[in-house]
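The residues of the chain are indexed from 1 along the displayed sequence. Both counts, for ligands and for their atoms, begin at 1 and track the order of listing.
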Amino acid sequence: MPTKTIDQIPVDGLRVLVRVDFNVPMQDGRITDDRRIRSAIPTINSILDRGGSVVLMSHMGRPKGEGYEASFSLEPIALHLATLLGRSVGFPSRDCVDEAAATAVQSLKPGGVLLLENLRFHKAEQKGDPYFAEKIAAYGDAYVNDAFGTCHRPDASMVAVPQAMAGKPRVAGLLVEREIAFLSEAVANPKRPMVVILGGAKVSSKIGAIEHLLPKCDAMLIGGAMAYTFMRALGQPTGTSLVEEEHIPTAERALAAAREAGVELLLPIDHVVADRLNHGSPTRVESQIPDDALGVDIGPETATQFAGRIEGAQSALWNGPLGIFEWPGADGGTRAVAQALAKATKAGATTIVGGGDSAAALDAMGLAADMTHVSTGGGASVEMLEGKRFEAIEVLDQIG
Ligand code: ADP
Ligand code: MG
């Protein structure tokens, strides 16, 4: 059943409590990537434009959970959000549930916005504590979950707060709606041919995604370190590459499942290798991985083959860099795949990217805007691609 969204409920005169994910990277008190903040703006404006007021709440980083810590304060985010919205954003106190916060919430007028301080200054947030949740639940006439990056976590503000607000509207925000539309619905019923590109460091962190996505696609292209575990399953040489011995049977199962389902499963046919796993080690191209070397990227022939498959697709889903893209000389495969995806998007294909490192790679290459959808969720996007159900979404009102 589809989840009800914020644009489907009246908000005139209502104080709307919105859980956002403003867990953005910061350096020396400066926000280094504000994508998650920008992504929350449509929901905030949808409420303000229709006569509601907005109480925002989020976590950031991993504070101790024993009260205020300046380096984890959301104050710089409130200032940045005010610039993006072009209106003032209240930031009432150093504690999301003290009297100053409660008073500021009570006196909020239609069109007003305020941001509560970091929820994780209380251990109760990650414990899912219902008493903490009740205090926060009292702030809102309606609840919105627009925190996609946190949707896989059963934290108090994600589950216990909406539970405590039973009887009031509890809906998804526009970002969460969009993430579900691409990472769940578009994947369940894709335009064909559908190509899935998987990479990254480990088979073990992507088993669920491999198994969930295999029956839904026409071809699965595997690169990154996980390719070496698959190569071992096929008896191919992998030198000193990262191989997860205990997951060779997992790879064997996936290979068998692909054969059975008639899904083409492509592994690298050439390799960028290095002698050591040290940042910046010199790299070279080999058609077979030598005994004393390790794979750090897919080779140029593989990149061309993968790009060809992507350009012939109507839908493409990518998760996980194809090589150690952080190294110069081991970023070619990731770049080739990203460029092929950009070309496919221009030709009318639906291109979807999940995973924190994959999104970071796209940002670094300046290609994020060339995808149909780049998820704001790291772990949450991978779990959604595994077909997992999220309590934080199931607790929301459904349509019908
Ligand atoms: P995402 O965050 O997009 O889901 P992962 O976290 O699964 O991606 O994987 C990203 C990491 O995988 C990167 O840090 C990258 O360096 C690493 N990686 C990719 N290819 C290799 C390889 N051949 N050997 C070692 N590490 C690799
Ligand atoms: Mg990652």
Pick out the protein N or O atoms lying less than 3.5 Å from any N or O of ligand 1, and list each pair with its distance.
from	atom 1	to	atom 2	distance (Å)
ligand 1	2 (O)	G356	N	3.3
ligand 1	2 (O)	D357	N	2.8
ligand 1	2 (O)	D357	OD2	2.8
ligand 1	3 (O)	D357	N	3.4
ligand 1	3 (O)	S358	N	2.9
ligand 1	3 (O)	S358	OG	2.6
ligand 1	4 (O)	K206	NZ	3.3
ligand 1	4 (O)	N319	ND2	3.1
ligand 1	6 (O)	D357	OD2	3.0
ligand 1	7 (O)	K206	NZ	2.7
ligand 1	9 (O)	A201	N	3.3
ligand 1	12 (O)	A201	N	3.1
ligand 1	14 (O)	E326	OE2	2.7
ligand 1	16 (O)	E326	OE1	2.7
ligand 1	16 (O)	E326	OE2	3.4
ligand 1	20 (N)	A225	N	3.4
ligand 1	20 (N)	G323	O	3.4
ligand 1	23 (N)	Y228	OH	3.3
ligand 1	23 (N)	G295	O	3.2

Candidate pair Q27 and T32, rule side chain to side chain donor-acceptor pair (under 3.5 Å), full reasoning: CA-CA 7 Å; Q27 224 163 38; T32 53; 5.7 Å; no

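Residue-environment remark: CZ (R389) stays at or below the threshold of 12 foreign heavy atoms within 6.0 Å.
Using a 4.5 Å heavy-atom threshold, the side chains of W318 and L362 count as touching.
Between K123 and E125, none of the side-chain N atoms (NZ, or NE/NH1/NH2) sits under 4.0 Å from a carboxylate O, so this pair counts as no salt bridge.
Judged by a 6.0 Å distance limit and a 45° cone about the ring axis, R94 is positioned over the six-membered ring of Y68.
Looking at D357, its N, O or S atom nearest to the Mg ion (ligand 2) turns out to be OD2.
Side chains of E179 and S381: a donor-acceptor N/O pair is absent below 3.5 angstrom, by distance only.
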